[in-house]
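Following: one structure in C-alpha coordinates, then a few remarks.
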Amino acid sequence: MIALDWGTTSCRAFLLGDDGGVLAERRQQSGVKALTASAASAGTPRTQAFEGAFEQLCGDWLETSPKLPVIACGMVGSNRGWVETPYRSLPVDLIDNGFVMTTFAARDGSVVHIIPGLIADQNVPDVIRGEETQVLGALGESPWAGSGNSGMDRIVLLPGTHSKWVRVVGTTVTAFKTFMTGEFFALLTTESTLSQLATPSGQTDWEAFDKGLDVAASAAGGGGILSTAFSARTFAMTGGLAADQVEDYLSGLLIGDEVAAAASLWQGVDVDEVLICGEADLSERYRRALVKFALPTPREISDSAATGMWRIAVAAGLVAHREQSHHTPPASPATATAPLRSTHLPRARKLTESSSTMSRTYIGLIAILRGLTVSDAVSVGECLYEAGFRTLEVPLNSPDPLPTISALEKVLPANCMVGAGTVVTVEQVRQCHEAGAQIIVSPNTDVAVIAETIRLGMLSFPGTATPSDAFAAIGAGATSVKIFPANQVGINGLKAWTAVVPKEIGLIPVGGVDAANIGEWMAAGATGFGIGSSLYKPGIAVEDLRQRAVAMIAAWDSALDSTRKSE
(Lines give C-alpha, C1' and ligand atoms only; values in the text may rest on other atoms or scores of the structure.)
Protein backbone atom coordinates (compact mmCIF):
# COMPACT_ATOMS: atom_id res chain seq x y z
CA MET A 1 0.00 0.00 0.00
CA ILE A 2 0.96 3.68 -0.16
CA ALA A 3 1.02 5.64 3.09
CA LEU A 4 1.18 9.46 3.12
CA ASP A 5 2.27 11.38 6.21
CA TRP A 6 1.16 14.79 4.96
CA GLY A 7 1.73 17.65 7.36
CA THR A 8 1.85 21.42 7.39
CA THR A 9 5.38 21.80 6.02
CA SER A 10 6.17 18.56 4.20
CA CYS A 11 4.83 15.29 2.83
CA ARG A 12 6.42 11.88 3.20
CA ALA A 13 5.28 9.01 1.00
CA PHE A 14 5.94 5.38 1.96
CA LEU A 15 5.61 2.32 -0.25
CA LEU A 16 4.82 -0.55 2.12
CA GLY A 17 5.22 -4.25 1.46
CA ASP A 18 2.89 -7.10 2.35
CA ASP A 19 4.20 -7.20 5.93
CA GLY A 20 3.97 -3.44 6.44
CA GLY A 21 7.70 -2.93 5.98
CA VAL A 22 8.90 0.22 4.19
CA LEU A 23 10.09 -0.65 0.67
CA ALA A 24 10.68 2.96 -0.39
CA GLU A 25 10.31 6.44 1.07
CA ARG A 26 10.14 9.88 -0.52
CA ARG A 27 9.85 13.37 0.93
CA GLN A 28 8.81 16.72 -0.52
CA GLN A 29 8.45 20.16 1.02
CA SER A 30 4.95 20.25 -0.54
CA GLY A 31 3.19 20.61 2.79
CA VAL A 32 -0.39 21.72 3.27
CA LYS A 33 0.64 25.34 3.92
CA ALA A 34 2.69 25.66 0.73
CA LEU A 35 0.13 23.90 -1.49
CA THR A 36 -2.75 25.99 -0.16
CA ALA A 37 -0.78 29.19 -0.71
CA SER A 38 0.24 28.24 -4.25
CA ALA A 39 -3.35 27.36 -5.18
CA ALA A 40 -4.61 30.67 -3.79
CA SER A 41 -1.91 32.59 -5.66
CA ALA A 42 -2.72 30.83 -8.94
CA GLY A 43 -6.47 31.10 -8.46
CA THR A 44 -6.89 27.35 -8.95
CA PRO A 45 -8.78 24.79 -6.80
CA ARG A 46 -6.80 23.61 -3.79
CA THR A 47 -7.51 19.99 -4.72
CA GLN A 48 -5.62 20.49 -7.97
CA ALA A 49 -2.42 21.38 -6.10
CA PHE A 50 -2.70 18.27 -3.91
CA GLU A 51 -3.40 16.08 -6.95
CA GLY A 52 -0.22 17.34 -8.61
CA ALA A 53 1.94 16.76 -5.53
CA PHE A 54 0.48 13.27 -5.06
CA GLU A 55 1.15 12.30 -8.67
CA GLN A 56 4.70 13.63 -8.50
CA LEU A 57 5.44 11.61 -5.36
CA CYS A 58 3.62 8.39 -6.15
CA GLY A 59 2.79 8.37 -9.86
CA ASP A 60 5.35 5.75 -10.87
CA TRP A 61 4.37 3.46 -7.97
CA LEU A 62 0.76 3.57 -9.14
CA GLU A 63 1.70 2.99 -12.76
CA THR A 64 3.33 -0.25 -11.66
CA SER A 65 0.50 -1.23 -9.29
CA PRO A 66 -2.60 0.87 -10.14
CA LYS A 67 -4.86 -0.56 -7.43
CA LEU A 68 -2.64 -0.03 -4.40
CA PRO A 69 -4.62 1.22 -1.39
CA VAL A 70 -3.65 4.79 -0.48
CA ILE A 71 -3.96 6.05 3.11
CA ALA A 72 -3.02 9.52 4.36
CA CYS A 73 -2.79 11.12 7.78
CA GLY A 74 -2.03 14.59 9.09
CA MET A 75 -3.07 18.10 8.10
CA VAL A 76 -3.99 16.80 4.64
CA GLY A 77 -7.40 16.14 6.23
CA SER A 78 -7.81 19.65 7.67
CA ASN A 79 -10.10 22.34 6.26
CA ARG A 80 -7.07 23.60 4.32
CA GLY A 81 -6.04 20.15 3.11
CA TRP A 82 -6.92 17.90 0.19
CA VAL A 83 -10.35 16.84 1.47
CA GLU A 84 -11.64 17.85 4.89
CA THR A 85 -11.99 14.95 7.30
CA PRO A 86 -14.05 15.53 10.46
CA TYR A 87 -12.53 15.07 13.91
CA ARG A 88 -13.65 12.14 16.07
CA SER A 89 -14.58 12.81 19.69
CA LEU A 90 -12.87 10.96 22.53
CA PRO A 91 -12.71 8.21 23.55
CA VAL A 92 -11.69 6.59 20.25
CA ASP A 93 -10.39 3.08 19.59
CA LEU A 94 -7.82 3.56 16.83
CA ILE A 95 -8.35 0.13 15.28
CA ASP A 96 -12.08 -0.17 15.78
CA ASN A 97 -14.23 -0.50 12.67
CA GLY A 98 -16.00 2.69 13.69
CA PHE A 99 -12.80 4.75 13.16
CA VAL A 100 -14.24 6.03 9.87
CA MET A 101 -11.90 7.41 7.22
CA THR A 102 -12.86 9.86 4.50
CA THR A 103 -12.71 8.17 1.09
CA PHE A 104 -12.58 9.85 -2.31
CA ALA A 105 -11.13 9.48 -5.79
CA ALA A 106 -7.91 11.10 -6.94
CA ARG A 107 -7.95 12.23 -10.55
CA ASP A 108 -5.76 9.29 -11.58
CA GLY A 109 -8.48 6.94 -10.33
CA SER A 110 -6.75 5.99 -7.08
CA VAL A 111 -9.00 5.59 -4.06
CA VAL A 112 -7.57 7.66 -1.22
CA HIS A 113 -8.49 7.22 2.47
CA ILE A 114 -7.76 10.02 4.96
CA ILE A 115 -7.51 9.19 8.65
CA PRO A 116 -9.54 11.52 10.90
CA GLY A 117 -8.02 13.58 13.69
CA LEU A 118 -9.29 13.54 17.27
CA ILE A 119 -10.96 16.23 19.37
CA ALA A 120 -11.21 16.42 23.14
CA ASP A 121 -14.58 18.06 23.81
CA GLN A 122 -14.05 19.91 27.06
CA ASN A 123 -14.18 23.45 28.45
CA VAL A 124 -11.01 24.22 26.49
CA PRO A 125 -11.13 21.95 23.42
CA ASP A 126 -7.96 20.33 22.11
CA VAL A 127 -7.24 18.55 18.82
CA ILE A 128 -4.67 16.28 17.22
CA ARG A 129 -4.38 15.44 13.55
CA GLY A 130 -1.73 12.99 12.40
CA GLU A 131 -0.41 12.25 15.88
CA GLU A 132 -3.16 9.67 16.46
CA THR A 133 -1.60 7.58 13.67
CA GLN A 134 1.89 7.90 15.16
CA VAL A 135 0.44 6.79 18.50
CA LEU A 136 -1.00 3.62 17.00
CA GLY A 137 2.28 2.92 15.25
CA ALA A 138 4.18 3.40 18.50
CA LEU A 139 1.90 0.93 20.27
CA GLY A 140 2.61 -1.58 17.52
CA GLU A 141 6.34 -1.27 18.19
CA SER A 142 5.93 -1.50 21.97
CA PRO A 143 6.80 -4.83 23.63
CA TRP A 144 3.33 -4.79 25.19
CA ALA A 145 1.68 -5.01 21.78
CA GLY A 146 0.15 -8.40 21.14
CA SER A 147 1.10 -9.70 24.58
CA GLY A 148 -2.47 -9.97 25.79
CA ASN A 149 -2.19 -6.81 27.88
CA SER A 150 -4.91 -5.03 25.93
CA GLY A 151 -5.81 -2.85 28.92
CA MET A 152 -2.31 -1.44 29.45
CA ASP A 153 -2.31 2.26 30.33
CA ARG A 154 0.32 4.21 28.39
CA ILE A 155 1.39 7.77 27.78
CA VAL A 156 2.67 8.46 24.28
CA LEU A 157 4.69 11.66 24.01
CA LEU A 158 5.16 13.31 20.61
CA PRO A 159 7.50 16.29 21.04
CA GLY A 160 7.75 18.98 18.41
CA THR A 161 6.44 22.39 17.45
CA HIS A 162 3.24 21.47 19.25
CA SER A 163 4.04 18.67 21.69
CA LYS A 164 1.29 16.13 22.32
CA TRP A 165 0.86 13.97 25.42
CA VAL A 166 -1.61 11.19 24.62
CA ARG A 167 -3.04 8.74 27.13
CA VAL A 168 -3.99 5.37 25.63
CA VAL A 169 -5.67 2.41 27.30
CA GLY A 170 -5.15 -0.59 25.04
CA THR A 171 -5.66 1.05 21.64
CA THR A 172 -8.24 3.56 22.86
CA VAL A 173 -7.25 7.21 23.19
CA THR A 174 -8.87 8.50 26.38
CA ALA A 175 -7.21 11.92 26.76
CA PHE A 176 -4.50 14.17 25.35
CA LYS A 177 -2.95 17.58 25.91
CA THR A 178 -1.10 19.95 23.59
CA PHE A 179 1.85 22.17 24.58
CA MET A 180 3.17 24.81 22.14
CA THR A 181 6.69 24.29 23.47
CA GLY A 182 8.55 24.15 20.17
CA GLU A 183 6.76 27.19 18.79
CA PHE A 184 7.46 29.25 21.92
CA PHE A 185 11.11 28.19 21.79
CA ALA A 186 11.34 29.42 18.20
CA LEU A 187 9.72 32.74 19.09
CA LEU A 188 11.93 33.33 22.12
CA THR A 189 15.14 32.52 20.26
CA THR A 190 14.34 34.50 17.09
CA GLU A 191 11.90 37.30 17.90
CA SER A 192 12.20 38.19 21.60
CA THR A 193 14.75 40.34 23.40
CA LEU A 194 16.32 37.13 24.69
CA SER A 195 17.39 36.25 21.14
CA GLN A 196 19.81 39.21 21.21
CA LEU A 197 21.74 37.49 24.01
CA ALA A 198 22.09 34.10 22.34
CA THR A 199 24.81 32.83 20.02
CA PRO A 200 23.96 29.34 18.67
CA SER A 201 26.86 26.93 19.11
CA GLY A 202 25.68 24.06 16.91
CA GLN A 203 26.21 21.56 19.72
CA THR A 204 24.00 20.68 22.67
CA ASP A 205 25.21 22.06 25.98
CA TRP A 206 23.70 19.59 28.44
CA GLU A 207 24.94 21.54 31.43
CA ALA A 208 22.93 24.57 30.34
CA PHE A 209 19.92 22.41 29.48
CA ASP A 210 19.96 20.69 32.89
CA LYS A 211 20.25 24.09 34.56
CA GLY A 212 17.03 25.07 32.80
CA LEU A 213 15.38 21.89 34.05
CA ASP A 214 16.51 22.69 37.61
CA VAL A 215 15.00 26.17 37.48
CA ALA A 216 11.75 24.81 35.98
CA ALA A 217 11.56 22.17 38.75
CA SER A 218 12.17 24.71 41.50
CA ALA A 219 9.50 26.97 40.03
CA ALA A 220 6.90 24.18 39.63
CA GLY A 221 3.66 25.35 41.16
CA GLY A 222 4.83 28.98 40.98
CA GLY A 223 4.67 31.43 38.13
CA GLY A 224 5.77 28.95 35.51
CA ILE A 225 7.56 29.87 32.31
CA LEU A 226 6.28 33.46 32.28
CA SER A 227 8.27 34.15 35.44
CA THR A 228 11.33 31.96 34.74
CA ALA A 229 11.98 32.91 31.10
CA PHE A 230 13.40 36.28 32.16
CA SER A 231 16.14 34.42 34.05
CA ALA A 232 17.79 33.69 30.68
CA ARG A 233 18.52 37.41 30.48
CA THR A 234 19.58 37.86 34.08
CA PHE A 235 21.89 34.82 34.06
CA ALA A 236 23.50 36.14 30.88
CA MET A 237 23.89 39.58 32.43
CA THR A 238 25.46 38.27 35.65
CA GLY A 239 27.76 35.70 34.06
CA GLY A 240 25.67 32.64 34.93
CA LEU A 241 25.26 31.76 31.23
CA ALA A 242 27.54 32.23 28.24
CA ALA A 243 25.98 33.46 25.01
CA ASP A 244 26.27 30.00 23.45
CA GLN A 245 24.40 28.45 26.43
CA VAL A 246 21.29 30.64 26.35
CA GLU A 247 19.34 28.57 23.80
CA ASP A 248 19.90 25.24 25.59
CA TYR A 249 19.01 26.88 28.90
CA LEU A 250 15.74 28.13 27.39
CA SER A 251 15.10 24.66 25.97
CA GLY A 252 15.47 23.18 29.47
CA LEU A 253 13.16 25.82 30.94
CA LEU A 254 10.41 25.24 28.40
CA ILE A 255 10.59 21.43 28.32
CA GLY A 256 10.81 21.32 32.12
CA ASP A 257 7.74 23.53 32.41
CA GLU A 258 5.87 21.27 29.94
CA VAL A 259 6.81 18.04 31.74
CA ALA A 260 5.85 19.49 35.12
CA ALA A 261 2.44 20.50 33.78
CA ALA A 262 1.86 17.15 32.06
CA ALA A 263 2.86 15.27 35.22
CA SER A 264 0.26 17.17 37.23
CA LEU A 265 -2.44 16.23 34.70
CA TRP A 266 -2.03 12.50 35.33
CA GLN A 267 -0.96 12.64 38.93
CA GLY A 268 -2.04 9.46 40.67
CA VAL A 269 -2.55 7.56 37.41
CA ASP A 270 -0.71 4.23 37.40
CA VAL A 271 0.91 4.41 33.95
CA ASP A 272 2.43 1.16 32.70
CA GLU A 273 4.66 2.66 30.05
CA VAL A 274 5.77 5.99 28.55
CA LEU A 275 6.72 6.09 24.88
CA ILE A 276 8.48 8.94 23.06
CA CYS A 277 8.16 9.39 19.29
CA GLY A 278 10.50 12.12 18.05
CA GLU A 279 13.87 13.05 16.61
CA ALA A 280 16.80 11.61 18.57
CA ASP A 281 18.07 14.90 20.05
CA LEU A 282 14.61 16.06 21.05
CA SER A 283 13.72 12.68 22.53
CA GLU A 284 16.88 12.77 24.65
CA ARG A 285 15.91 16.19 26.02
CA TYR A 286 12.51 14.87 27.08
CA ARG A 287 14.02 11.70 28.52
CA ARG A 288 16.25 13.79 30.80
CA ALA A 289 13.27 15.93 31.81
CA LEU A 290 11.15 12.89 32.67
CA VAL A 291 13.95 11.53 34.85
CA LYS A 292 14.30 14.94 36.52
CA PHE A 293 10.63 14.95 37.47
CA ALA A 294 10.74 11.31 38.69
CA LEU A 295 8.47 10.05 35.92
CA PRO A 296 8.79 6.56 34.35
CA THR A 297 11.84 6.07 32.15
CA PRO A 298 10.51 6.36 28.60
CA ARG A 299 10.98 3.95 25.73
CA GLU A 300 12.06 5.70 22.53
CA ILE A 301 10.21 4.73 19.39
CA SER A 302 11.47 5.50 15.89
CA ASP A 303 9.27 7.13 13.27
CA SER A 304 5.93 5.38 13.67
CA ALA A 305 3.53 7.05 11.21
CA ALA A 306 3.90 4.41 8.49
CA THR A 307 3.38 1.61 11.03
CA GLY A 308 0.24 3.33 12.29
CA MET A 309 -1.24 3.68 8.81
CA TRP A 310 -0.48 0.03 8.12
CA ARG A 311 -2.29 -1.07 11.29
CA ILE A 312 -5.33 1.05 10.40
CA ALA A 313 -5.36 -0.41 6.87
CA VAL A 314 -5.29 -3.94 8.27
CA ALA A 315 -8.10 -3.14 10.73
CA ALA A 316 -10.18 -1.60 7.94
CA GLY A 317 -9.71 -4.64 5.71
CA LEU A 318 -7.89 -2.70 2.98
CA VAL A 319 -4.85 -4.97 3.15
CA ALA A 320 -4.30 -8.51 4.39
CA HIS A 321 -2.02 -8.97 7.37
CA ARG A 322 1.01 -11.10 6.55
CA GLU A 323 0.37 -13.33 9.56
CA GLN A 324 -2.84 -14.40 7.82
CA SER A 325 -1.15 -15.05 4.49
CA HIS A 326 2.49 -14.95 3.43
CA HIS A 327 1.54 -13.62 0.03
CA THR A 328 -0.91 -10.94 -0.97
CA PRO A 329 -4.12 -12.82 -1.82
CA PRO A 330 -6.43 -11.78 -4.63
CA ALA A 331 -8.83 -9.20 -3.22
CA SER A 332 -12.41 -10.29 -2.91
CA PRO A 333 -14.93 -8.20 -4.86
CA ALA A 334 -15.97 -6.50 -1.63
CA THR A 335 -12.45 -5.29 -0.84
CA ALA A 336 -11.08 -4.78 -4.33
CA THR A 337 -12.67 -1.35 -4.67
CA ALA A 338 -12.37 -0.46 -0.95
CA PRO A 339 -14.83 2.15 0.34
CA LEU A 340 -16.10 3.86 -2.78
CA ARG A 341 -14.61 6.99 -4.19
CA SER A 342 -16.41 10.32 -3.94
CA THR A 343 -17.16 11.86 -7.31
CA HIS A 344 -18.63 15.30 -6.62
CA LEU A 345 -15.17 16.70 -5.95
CA PRO A 346 -15.79 20.44 -5.44
CA ARG A 347 -17.44 19.55 -2.12
CA ALA A 348 -16.14 16.02 -1.76
CA ARG A 349 -16.13 14.92 1.85
CA LYS A 350 -17.51 12.17 4.02
CA LEU A 351 -19.27 13.58 7.03
CA THR A 352 -19.38 12.16 10.53
CA GLU A 353 -21.02 8.84 11.14
CA SER A 354 -23.49 10.33 13.62
CA SER A 355 -25.81 11.03 10.71
CA SER A 356 -27.49 7.97 9.18
CA THR A 357 -27.12 9.69 5.81
CA MET A 358 -23.51 10.76 5.92
CA SER A 359 -22.11 7.59 7.44
CA ARG A 360 -22.67 6.02 4.05
CA THR A 361 -20.42 6.14 1.03
CA TYR A 362 -20.52 9.62 -0.45
CA ILE A 363 -21.28 9.67 -4.20
CA GLY A 364 -22.55 13.11 -5.25
CA LEU A 365 -24.48 13.97 -8.39
CA ILE A 366 -24.48 11.88 -11.56
CA ALA A 367 -25.68 13.52 -14.79
CA ILE A 368 -27.60 10.95 -16.85
CA LEU A 369 -27.23 11.97 -20.50
CA ARG A 370 -29.70 9.72 -22.24
CA GLY A 371 -29.82 10.51 -25.96
CA LEU A 372 -26.52 12.41 -26.05
CA THR A 373 -24.77 12.26 -29.42
CA VAL A 374 -21.09 12.36 -30.28
CA SER A 375 -21.51 15.76 -31.93
CA ASP A 376 -22.95 17.29 -28.73
CA ALA A 377 -20.69 15.46 -26.28
CA VAL A 378 -17.99 18.13 -25.93
CA SER A 379 -20.30 21.12 -25.43
CA VAL A 380 -22.58 19.27 -23.02
CA GLY A 381 -19.72 17.73 -21.06
CA GLU A 382 -17.86 21.01 -20.67
CA CYS A 383 -21.04 22.82 -19.66
CA LEU A 384 -21.82 20.32 -16.90
CA TYR A 385 -18.24 20.25 -15.66
CA GLU A 386 -18.13 24.05 -15.38
CA ALA A 387 -21.39 23.97 -13.42
CA GLY A 388 -19.91 21.53 -10.90
CA PHE A 389 -20.80 18.00 -12.05
CA ARG A 390 -17.97 15.49 -11.77
CA THR A 391 -19.74 12.30 -12.89
CA LEU A 392 -21.45 11.85 -16.25
CA GLU A 393 -23.32 8.77 -17.43
CA VAL A 394 -24.13 7.89 -21.03
CA PRO A 395 -26.83 5.17 -21.22
CA LEU A 396 -26.20 2.49 -23.84
CA ASN A 397 -29.60 3.12 -25.45
CA SER A 398 -28.28 6.50 -26.64
CA PRO A 399 -27.10 7.01 -30.27
CA ASP A 400 -23.51 5.72 -30.63
CA PRO A 401 -22.96 5.49 -26.85
CA LEU A 402 -19.45 4.01 -26.90
CA PRO A 403 -17.93 6.71 -29.15
CA THR A 404 -19.75 9.31 -27.03
CA ILE A 405 -18.22 7.90 -23.85
CA SER A 406 -14.77 7.98 -25.48
CA ALA A 407 -15.26 11.59 -26.59
CA LEU A 408 -16.24 12.71 -23.09
CA GLU A 409 -13.42 10.76 -21.46
CA LYS A 410 -10.84 12.40 -23.75
CA VAL A 411 -12.03 16.00 -23.43
CA LEU A 412 -12.94 16.26 -19.75
CA PRO A 413 -10.40 16.83 -16.93
CA ALA A 414 -9.05 13.82 -15.07
CA ASN A 415 -11.17 14.53 -11.99
CA CYS A 416 -14.38 14.03 -13.98
CA MET A 417 -15.53 10.42 -14.21
CA VAL A 418 -17.43 9.11 -17.22
CA GLY A 419 -19.67 6.07 -16.92
CA ALA A 420 -21.99 3.91 -18.97
CA GLY A 421 -25.62 3.31 -18.06
CA THR A 422 -28.24 0.68 -18.89
CA VAL A 423 -25.50 -1.98 -18.95
CA VAL A 424 -27.08 -5.43 -18.69
CA THR A 425 -24.53 -7.95 -20.02
CA VAL A 426 -20.94 -8.93 -19.30
CA GLU A 427 -19.98 -8.26 -22.91
CA GLN A 428 -21.34 -4.71 -22.64
CA VAL A 429 -19.21 -4.20 -19.52
CA ARG A 430 -16.09 -5.12 -21.51
CA GLN A 431 -17.06 -2.87 -24.41
CA CYS A 432 -17.63 0.07 -22.07
CA HIS A 433 -14.28 -0.54 -20.40
CA GLU A 434 -12.53 -0.43 -23.78
CA ALA A 435 -14.33 2.83 -24.56
CA GLY A 436 -12.91 4.41 -21.41
CA ALA A 437 -15.82 4.15 -18.98
CA GLN A 438 -14.93 4.23 -15.29
CA ILE A 439 -18.39 3.42 -13.91
CA ILE A 440 -20.96 0.80 -14.90
CA VAL A 441 -24.58 1.64 -14.03
CA SER A 442 -27.25 -1.02 -14.50
CA PRO A 443 -31.05 -0.97 -14.20
CA ASN A 444 -30.98 -4.35 -12.45
CA THR A 445 -28.89 -6.52 -10.13
CA ASP A 446 -26.85 -8.98 -12.16
CA VAL A 447 -24.11 -10.69 -10.16
CA ALA A 448 -22.06 -11.52 -13.26
CA VAL A 449 -22.17 -7.92 -14.49
CA ILE A 450 -21.08 -6.64 -11.07
CA ALA A 451 -18.21 -9.14 -10.81
CA GLU A 452 -16.87 -8.33 -14.28
CA THR A 453 -17.09 -4.60 -13.59
CA ILE A 454 -15.01 -4.95 -10.45
CA ARG A 455 -12.56 -7.32 -12.10
CA LEU A 456 -11.85 -4.64 -14.72
CA GLY A 457 -11.26 -2.01 -12.04
CA MET A 458 -14.44 -0.01 -12.60
CA LEU A 459 -17.12 1.06 -10.15
CA SER A 460 -20.41 -0.83 -10.13
CA PHE A 461 -23.74 0.92 -9.45
CA PRO A 462 -26.30 -1.88 -9.89
CA GLY A 463 -30.01 -1.10 -9.93
CA THR A 464 -31.97 -2.31 -6.91
CA ALA A 465 -35.68 -2.03 -6.22
CA THR A 466 -35.82 -4.02 -2.96
CA PRO A 467 -33.54 -4.70 0.01
CA SER A 468 -33.14 -8.24 -1.34
CA ASP A 469 -31.70 -6.80 -4.56
CA ALA A 470 -29.42 -4.56 -2.52
CA PHE A 471 -28.01 -7.43 -0.47
CA ALA A 472 -27.44 -9.51 -3.60
CA ALA A 473 -25.51 -6.59 -5.11
CA ILE A 474 -23.48 -6.08 -1.94
CA GLY A 475 -22.69 -9.78 -1.80
CA ALA A 476 -21.33 -9.55 -5.35
CA GLY A 477 -19.01 -6.70 -4.34
CA ALA A 478 -20.97 -3.50 -4.94
CA THR A 479 -20.22 -0.74 -2.42
CA SER A 480 -23.04 1.50 -3.65
CA VAL A 481 -26.44 0.69 -5.09
CA LYS A 482 -28.76 2.56 -7.42
CA ILE A 483 -32.33 2.84 -6.04
CA PHE A 484 -34.42 2.41 -9.18
CA PRO A 485 -37.07 3.44 -9.82
CA ALA A 486 -36.75 5.81 -6.88
CA ASN A 487 -40.30 7.15 -7.12
CA GLN A 488 -41.53 3.59 -6.63
CA VAL A 489 -39.44 2.99 -3.51
CA GLY A 490 -40.29 6.45 -2.21
CA ILE A 491 -38.69 8.62 0.44
CA ASN A 492 -40.27 6.67 3.31
CA GLY A 493 -39.16 3.44 1.70
CA LEU A 494 -35.59 4.66 1.52
CA LYS A 495 -35.71 5.55 5.22
CA ALA A 496 -36.66 1.96 5.94
CA TRP A 497 -33.77 0.70 3.79
CA THR A 498 -31.22 2.59 5.90
CA ALA A 499 -32.19 0.50 8.93
CA VAL A 500 -31.04 -2.74 7.28
CA VAL A 501 -28.53 -1.88 4.53
CA PRO A 502 -24.95 -1.69 5.93
CA LYS A 503 -23.99 1.85 6.86
CA GLU A 504 -20.97 2.03 4.55
CA ILE A 505 -23.07 1.33 1.43
CA GLY A 506 -23.93 4.32 -0.76
CA LEU A 507 -27.59 4.76 -1.73
CA ILE A 508 -28.26 6.49 -5.08
CA PRO A 509 -31.92 7.25 -5.94
CA VAL A 510 -32.60 7.57 -9.68
CA GLY A 511 -35.94 8.54 -11.16
CA GLY A 512 -38.12 11.38 -9.89
CA VAL A 513 -35.32 13.34 -8.21
CA ASP A 514 -35.03 17.06 -8.94
CA ALA A 515 -33.85 20.30 -7.30
CA ALA A 516 -37.14 20.66 -5.42
CA ASN A 517 -37.01 17.35 -3.53
CA ILE A 518 -33.31 16.54 -3.31
CA GLY A 519 -33.18 17.72 0.30
CA GLU A 520 -35.94 15.31 1.35
CA TRP A 521 -34.19 12.41 -0.31
CA MET A 522 -30.91 13.25 1.38
CA ALA A 523 -32.58 13.53 4.77
CA ALA A 524 -33.99 10.05 4.16
CA GLY A 525 -30.53 8.55 3.63
CA ALA A 526 -29.45 9.19 0.03
CA THR A 527 -25.75 9.84 -0.51
CA GLY A 528 -25.88 10.53 -4.22
CA PHE A 529 -28.34 10.96 -7.08
CA GLY A 530 -28.71 10.14 -10.73
CA ILE A 531 -30.28 13.17 -12.43
CA GLY A 532 -31.88 12.47 -15.80
CA SER A 533 -34.63 14.28 -17.68
CA SER A 534 -34.94 17.07 -15.12
CA LEU A 535 -31.40 18.03 -16.14
CA TYR A 536 -30.73 16.91 -19.71
CA LYS A 537 -32.85 16.16 -22.77
CA PRO A 538 -31.58 15.75 -26.34
CA GLY A 539 -31.52 19.07 -28.17
CA ILE A 540 -31.54 21.24 -25.04
CA ALA A 541 -29.79 24.60 -25.49
CA VAL A 542 -26.46 24.77 -23.70
CA GLU A 543 -27.51 27.88 -21.75
CA ASP A 544 -30.68 26.15 -20.52
CA LEU A 545 -28.61 23.14 -19.51
CA ARG A 546 -26.20 25.39 -17.64
CA GLN A 547 -29.04 27.01 -15.65
CA ARG A 548 -30.50 23.63 -14.72
CA ALA A 549 -27.10 22.27 -13.72
CA VAL A 550 -26.24 25.28 -11.55
CA ALA A 551 -29.64 25.06 -9.83
CA MET A 552 -29.14 21.34 -9.16
CA ILE A 553 -25.65 21.86 -7.72
CA ALA A 554 -26.99 24.66 -5.50
CA ALA A 555 -29.81 22.42 -4.26
CA TRP A 556 -27.33 19.63 -3.51
CA ASP A 557 -25.00 21.93 -1.64
CA SER A 558 -27.86 23.38 0.37
CA ALA A 559 -29.15 19.93 1.27
CA LEU A 560 -25.65 18.81 2.24
CA ASP A 561 -25.19 21.80 4.53
CA SER A 562 -28.62 21.24 6.10
CA THR A 563 -27.70 17.61 6.79
CA ARG A 564 -24.51 18.66 8.56
CA LYS A 565 -26.31 21.23 10.71
CA SER A 566 -28.95 18.71 11.75
CA GLU A 567 -26.41 16.20 13.12
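Remember, predicted model here, so these are calculated numbers, not experimental data. The first residue in the sequence is number 1, and the count goes up from there. Values below: all heavy atoms of this structure, side chains included; hydrogens, waters and symmetry mates excluded.
In terms of the side-chain hydrogen bond (donor to acceptor under 3.5 Å, both in side chains) criterion, E427 has no residue partners (sequence neighbours excluded). Applying the salt bridge (Lys or Arg N to Asp or Glu O under 4.0 Å) criterion to E452, with sequence neighbours excluded, gives R430, R455. Applying the side-chain hydrogen bond (donor to acceptor under 3.5 Å, both in side chains) test to D60 and every residue at least two apart in sequence or in another chain returns R26. Not counting sequence neighbours, E63 has no partner by the salt bridge (Lys or Arg N to Asp or Glu O under 4.0 Å) test. E382 meets the side-chain hydrogen bond (donor to acceptor under 3.5 Å, both in side chains) test with no other residue; sequence neighbours excluded. For E386, the salt bridge (Lys or Arg N to Asp or Glu O under 4.0 Å) partners at least two apart in sequence or on another chain are R546. D121 pairs by the salt bridge (Lys or Arg N to Asp or Glu O under 4.0 Å) definition with nothing, not counting sequence neighbours. Listed by chain and residue number, nothing satisfies the ring pair (Phe, Tyr, Trp, His ring centres under 6.0 Å) test with F484 (two or more places apart in sequence, or in another chain). For Q488, the side-chain hydrogen bond (donor to acceptor under 3.5 Å, both in side chains) criterion is met by no residue, not counting sequence neighbours.
Pairs of residues two or more places apart, or lying in two chains, never qualify as salt bridge (Lys or Arg N to Asp or Glu O under 4.0 Å) while including a residue from residues 461-470. Identified under the side chain to side chain donor-acceptor pair (under 3.5 Å) test for residues 29-42, with sequence neighbours left out: Q28-S30. Sorted by first and then second residue, the salt bridge (Lys or Arg N to Asp or Glu O under 4.0 Å) pairs with a member in residues 514-537 form an empty list; sequence neighbours excluded.
Interatomic distance, CE of M552 versus CZ of F529, reported as 9.5 Å (0.5 Å rounding). Atom CE of M1 and atom CG of L23 lie 11.5 Å apart (nearest 0.5 Å).
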Checklist entry - Stepwise, does the side chain to side chain contact (heavy atoms under 4.5 Å, CB included) test hold for L35 with W82? => result CA-CA 9 Å; L35 292 176; W82 195 349; over 6 Å; no
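Cation-pi check for R129 over Y87 is met; the charged atom lies under 6.0 angstrom from the ring centroid and within 45 degrees of its normal.
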